[in-house]
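Since the structure is predicted, the reported quantities are computational estimates derived from the model, not experimental observations. Quick note on labels: first sequence line is chain A, next is B, and so on, each numbered from 1.
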Amino acid sequence: MKTVVGIVNLQESNELLRELAATRAVEALPFAGRYRVVDFSLSNMINSGVNSVGLMLPDYSRAILDHIRSGKDWDLARRRDGLTYLPAALPSNDARKGDLKDIYANLDFAELSDKKYVLFVNGSYVYNIDFQKVLDFHKDSGSDITMIYKTVDEDKEGHTVTIETSPNGVVTDLAESNGVKKGAKAVLSAYLMPVPTFAYIVRSTYERGGQDFLIDGIIRHSGEHKISAYEHKGYVARINSTAAYYKANRDCLNPEVWEELFMQPDRPISTKVKDEVPVQYKETAEVKNSLIANGCEIRGRVENSILFRGVKVGKGAVVKDAILMQRCDIQDGARVENIICDKNVIITKNRWLKGVETFPYIVTKNARI
Amino acid sequence: MRKTECLGMILAGGQGSRLKALTKTVAKPAVPFGGKYRIIDFPISNCVNSGITKVGVLTQYKPFELHNYLGAGSAWDLDRIGGGIFILPPYAREKGADWYSGTADAIYQNLNFIDLNDPDYVLILSGDHIYTMDYSWMLESHKANNADVTIGVFEVPLEEAPRFGIMVTDKETGRITEFQEKPKEPKSTLASMGIYIFSKPFLKKYLEEDGANENSTHDFGNDLIPKMLNDGARLFSYAFDGYWKDVGTIESLWQANMDLLQDQPPFELNGDWKIYSSNPSMPPHYIGPDGVVKQAMIAEGAQILGQVEHSVIFGGVKVGKGAKVTNSVVFPFTKIEDGAVVDHAILAQDVTIKANAKVEGKEGEISVIPEGEIVG
């Protein structure tokens, strides 16, 4: 993988994510008790041996910058290669929408990298993959471009690009639709191709008025290239709506998903290190089917929930089907159900709050209820 | 380069033979503690939190894992320019090589390291005690007393005093008048914590004298402190009244872990005085649908499908369905399979307790399963 330069695109649209993504990029959303969504892309890169990684920054970049800093926690703070931040193009130069203008503005990062291939991935997907296998597949296929896809296991909402393939894995059709059906082949917006191919697509598309890398760059010109598709058979979650976010977090309560995502000895998911003490369960604690991060202190009842670092659950409090982000405080006798609490939320004594499974109630950052 | 006011020196070379099976492969300071820490995290974190950012760690017994753990010191924010952590194992000189033959000898052999850093004061610590303490206050007291040596002391019950080095002090000034090493008839209940602040020129003079003395055992408590007292030097005590535990035995190590499980633990691991530690990349732990956890401390990466009560569980541990762990300490990546029973035990790293097997100790006779062992 020494011949590959990685680019993680952090410009996923966040319109379906309501309050959670109001001040942070989708990729900076806290995930599974300890992580942020972007950790998966970065860890996949480094675990696969891609040591030179560019991060295409989103509009709201503070949360991302604060999280990643030098990249040390992902072993990306290197003397040679390592992490490079790729800031967005200045709007005064270009009022176009879409990610293509920013890729174009940073094209020299890939071109001057001395690497042979570009691995361009979207940072809003949660999965654990070995990109070495994608590179091997790409070389064997003799294609110009390899894209990674997942066979969808249930109907899903949101703009999705799906593909049709011939039996030997060559892409025969590419189309965008709103929502996908079970069994469709959804692309994960992750592509591997030689640097010159990448540069050619970006340059020629942008200079002809293109806006979106996938739609304008790949789909509109799919006839010009031989495109192969690599199937990722493992777990994939795309964080593009509040419901998807809620579901993906709760999928981690399934021990199979938890083990596949986090417990592969050669492919750990790294994140920013914080020094928190192990979870302290007190005499009155009652916890079932939950993920609990370090620094929590539990005196009450917790079921089917994900608790981030430093959450407190008081005596007689009940937490059910909830996602509680860092430092939430559920005081004695309070009760929360089907809820997502952003950081530092305080639910005072004996208050009850409830959402529904398909539309979890969201409490915004630093709120006191 | 910025001046070093106080240099920390941590004695981490001890074998810890009383910890038996737990120190078969690692030095005592590298023994795990409290769900995610190792014993040496405590003195190192205390140093960093007290503003001492240059720390020498003297190693000798089975040092590989300890060296590997300390690394460049980044876990404690000690990978600093012109500072940080210095690992000091015994080394060869022109006339050959010596092991560290005592606490004072270990420091004596590293006088060149101390000279190089040229501090005003040298703080000497043991690498095998559990406590949180602000050494900067002790340093202030050392300066205020215009002392040659300040020794950290701790009040112990009279009946336990014979196990310690006892300081007899002037009640008003705290000046030490007499030192009794493990006395049968203690004259005081102030025990030495093995924490010393020396004014550097004074320390150097005594270490050089002691180094030349062939009849000395080269131990601070046995040789140097009595000699200093004899010479009329200014030795002061600094009383510490927080939680302090020597975890040199299986029972005390077990007890110190159990102390963390109280509703209000005797010392705060969660407060402002952080204990830093090397953090592995592991997800939050998972408690299964039939899991029961009470009065427990559980670290990241653990998977609890059975019952855990009054126990400390490290990262990556698996407790199977119907398994029951009580009053125990379980080190990283140990597996307790379905239906197994563990009570009053310390299970070292990578142990496997097979399905339905039993490991049962009792208070005063804690069962210890050594690293990598398979039971049942």
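For chain A, no part of B:E309 is nearby; none of its heavy atoms comes within less than 4.5 Å. For A:L253, the parts lying under 4.5 angstrom from a heavy atom of chain B are both the backbone and the side chain. With a 4.5 angstrom heavy-atom cutoff, A:I292 touches chain B via backbone and side-chain atoms both. For a residue to count as touching a neighbouring chain, one of its non-hydrogen atoms must lie under 4.5 Å from one of that chain's; by this rule A:Y35 touches chain B with the side chain only. Both the backbone and the side chain of A:V279 come within contact range of chain B, each with at least one heavy atom under 4.5 Å from a heavy atom of that chain.
Most heavy-atom pairs under 4.5 Å with chain B: of the set A:G310, A:P268, A:S290, this distinction falls to A:S290.
Taking a cutoff of 4.0 Å between a charged side-chain nitrogen and a carboxylate oxygen, B:D79 and A:K72 qualify as a salt bridge.
Proximity to chain A among residues 327-337 of chain B is not found for any residue, judged by heavy-atom separations below 4.5 angstrom. Contact residues of residues 329-348 of chain A toward chain B are absent (heavy-atom distance under 4.5 Å).
Here the CG atom belonging to B:N279 is positioned 8.0 Å from the CG atom belonging to A:N294, to the nearest 0.5 angstrom.
Within a 6.0 Å radius of NZ in B:K321, no more than 12 heavy atoms belonging to other residues, nucleotides or ligands are found.
When atom types are taken as modelled, the side chain of A:K282 and the backbone of B:A296 share no donor-acceptor pair closer than 3.5 angstrom. A distance-only check finds a donor-acceptor pair linking the side chain of A:K288 to the backbone of B:G291 [under 3.5 Å].
The ring pair (Phe, Tyr, Trp, His ring centres under 6.0 Å) search around A:F40 returns A:F31, A:F262, not counting sequence neighbours. The salt bridge (Lys or Arg N to Asp or Glu O under 4.0 Å) test applied to A:E276 returns A:R327, not counting sequence neighbours.
At a threshold of 4.5 Å between non-hydrogen side-chain atoms, the residues B:Q303 and A:E259 count as touching.
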